[in-house]
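Note that the coordinates shown come from a computational prediction; the quantities given were computed from them, not determined experimentally.
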Amino acid sequence: MSSRPRAAWPLVAVFTAGYLAAYLLPTIVGRLSTYLGLSSAQAGLVGSALLLSSASAGFALAGRVERYGSRTPARAGLLLAALGYGCAALTASVPLVIAGVVVGGFGSGTATAVAASGIAAQRDPHRTSSLGLLSVSATAGALYLTVPHLGGGHRLPFASIALVALLVWPATSRLGGSAPAGGASPVQGRLPHRRSGLVLAGGMLVWSMAQNALWGVSSRIGADQVGLSEVTIGAVFAAALGAGLLGVMGAGALGARLGRAVPIGLGTMIIAGSIVLSSSARDLGSFATGEIAWNTFYPVVLSYLIGLAASLDVRGRWAVLAGSASSVGTACGPLLGSVLSEQAGYAMMGLILGAATLLVAAPVTAVALHTGGRPLVPGSVRRRGGAPAALLAATTNSLSGAVPKLGAPEQAVTEISLPSLRRRRLVRSAFRTAGPSGGTGQSNAYASTSER
């Protein structure tokens, strides 16, 4: 892949196609239960199979996108998504639906992995991830407004995801091709910041599990506990995703002004309270308030988590690995939510999920604090005893030429010790600037000195 960042919109489009299935999970699980005769736990298990397949694709592609290039894996992922979800939409046989879901989930995970790797190489990973979440929230919100009015049984949600994958296909022509044969990767070596990356990946797994345990049963809470119709529930979800759009836009505008620790820590606390409120709701007002507050801050925190993972490695390996760990948690969420709601009730489920969300906030926020000295963009030149030069340049209106290329590896400044000169002293005129010397046309590597 070229060291020069490419346009962000193709990555945003691929990200939208890859993430859309997770955003439509409540209506997928609900319609599988209603129209195919599956129990709540069985429908949740099908949703978990979809997301586990997506996570497996991410783990398989971690660190390998550069080898294959972005265009080929993205096209393969979109093709698998279109075929898998399309087949699930065209059949009423439960085994064939499950097979289509697994194939489509692998395609979604492939597309998401390509997008995550590309986002890590952008000038501002947080801004690009915010744009991706903005796009997928808008797409899902539009579908939640239209799907309940169109009927279609279990077929329509799957057909919608397949159609979005086909519509995104032309955008892949703007992605990078495969690497030259025998070409070496621009950045080699082990994964950087291993401890921080592992803590972040584990935290995102638990965090996503708690969020999607609620999201997977939200439609059933609205229908069974609050007594709402599918049209009303769809309107609440659309309003909640609309609030999520505002949240993502606010996160994009806020950027790095507060760092990452404050949005992640404070946002996660608000999310925990919203989970408890939504799961214990008995009327439309409290249910809508909980869902809207939760969906407002969920994409905000997620955008900072994705940006944090992207900043740990310029090749995007931590972005893919942490995203895949998040997908594992997302996959376990619907099944966990179904089991907890059936065994303990919706209110107790909300208390358990809220407590788990609060517990995971501490280590994830600690990672954000530990890496807070690094700029939000990958690559910097560190000065001895000082802040990264790229971060200083961003705050002091320095000339752009003084800032290293974004995405370049960090370069240490080496001290050069001069030999002691007994009974001799150096004067200022003894030094000259490095450059072409005399008429030789050769460049001096170091400034020359003369003795007096």
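Between S286 and L277, the closest side-chain pair of non-hydrogen atoms falls below 4.5 Å. Side-chain atoms of L284 and V236, non-hydrogen and from C-beta on, do get closer than 4.5 Å to each other. Contact annotation: the side chain of L340 never approaches that of Y346 to less than 4.5 Å [non-hydrogen atoms, C-beta and beyond]. Looking at V102 and L50, their side chains never come closer than 4.5 Å, going by heavy atoms from C-beta outward. When side chains are defined from C-beta on, N212 does not count as touching L336, because their heavy atoms never get closer than 4.5 Å. V46 is listed as a side-chain neighbour of L38, based on a closest heavy-atom distance under 4.5 Å. Contact of the L32 side chain with the V97 side chain is registered, since non-hydrogen atoms from C-beta on lie closer than 4.5 Å. Within the 4.5 Å cutoff, side-chain heavy atoms of L133 are placed close to those of L302.
Within a 6.0 Å sphere centred on CZ of F297, heavy atoms belonging to other residues, nucleotides or ligands number 12 at most.
Within the 3.5 Å criterion, the main-chain N or O of G30 finds no donor-acceptor partner in the side chain of S33. Although no hydrogens or angles enter the test, the distance criterion places no donor-acceptor pair under 3.5 Å between the side chain of Q343 and the main chain of S338. A donor-acceptor pair is defined here as one N or O able to donate and one able to accept, closer than 3.5 Å; such a pair exists between the side chain of S173 and the backbone of P170. Looking only at distances, no side-chain donor or acceptor of S70 sits under 3.5 Å from a matching main-chain atom of L175. In this structure a side-chain-to-backbone donor-acceptor pair under 3.5 Å is missing from T232 to L228. Between the side chain of T110 and the backbone N or O of F106 there is at least one donor-acceptor pair closer than 3.5 Å. Judged by distance alone, with hydrogens and angles left aside, the side-chain atoms of S56 form a donor-acceptor pair with the main-chain N or O of S53 at under 3.5 Å. Put simply, the side chain of R31 never gets that close to the backbone of H154: no donor and acceptor are under 3.5 Å apart. Remark: the backbone N or O of G109 is paired with a side-chain donor or acceptor of S54 at under 3.5 angstrom. Proximity of a side-chain donor or acceptor of Y85 to a complementary backbone N or O of G104 within less than 3.5 Å is detected.
A pairwise comparison of heavy atoms in A243 and I292 identifies CB-CG2, 3.7 Å as the closest pair. Heavy-atom minimum distance, A8 versus T128: CB-CG2, 4.1 Å. Closest approach of L78 and A165 over heavy atoms only: O-CB, 3.8 Å. The nearest pair of heavy atoms linking G290 to S274 is O-CB, 3.7 Å. When all heavy atoms of Q225 and S279 are compared, the pair lying nearest together is NE2-O, 3.0 Å. A21 and S108 get closest at one heavy-atom pair: CB-OG, 4.3 Å.
For the atom pair OG (S208) and CG (L305), the distance works out to 8.0 Å, reported to the nearest 0.5 Å. Atom CG in L200 sits 11.0 Å away from atom CG in L205 (nearest 0.5 Å). The distance from the CD1 atom of I275 to the CE atom of M349 is 8.5 Å, given to the nearest 0.5 Å. I270 contributes atom CD1, which lies 9.5 Å from atom OG1 of T296 (distance to the nearest 0.5 angstrom). T139 contributes atom OG1, which lies 11.5 Å from atom CD1 of I161 (distance to the nearest 0.5 angstrom). Annotation: the span from I264 atom CD1 to M269 atom CE amounts to 14.5 Å, rounded to 0.5 Å.
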Full working for side chain to side chain contact (heavy atoms under 4.5 Å, CB included) between V206 and T357: CA-CA 8 Å; V206 178; T357 302; over 6 Å; no
Test log, rule side chain to side chain contact (heavy atoms under 4.5 Å, CB included), inputs Y23 and S137: CA-CA 8 Å; Y23 268 69; S137 296; 3.6 Å; yes
Verdict with supporting geometry, R75 and T172, side-chain hydrogen bond (donor to acceptor under 3.5 Å, both in side chains): CA-CA 7 Å; R75 287 180 171 177; T172 59; 2.9 Å; yes
Residue pair V301, I271: steps toward the side chain to side chain contact (heavy atoms under 4.5 Å, CB included) verdict: CA-CA 9 Å; V301 176; I271 287 172; 4.0 Å; yes
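Note on ring orientation: taking the six-membered ring where Trp is involved, the planes of F237 and F287 are tilted (angle from 30° to 60°).
Less than 6.0 angstrom separates the ring centroid of Y298 from the ring centroid of W207.
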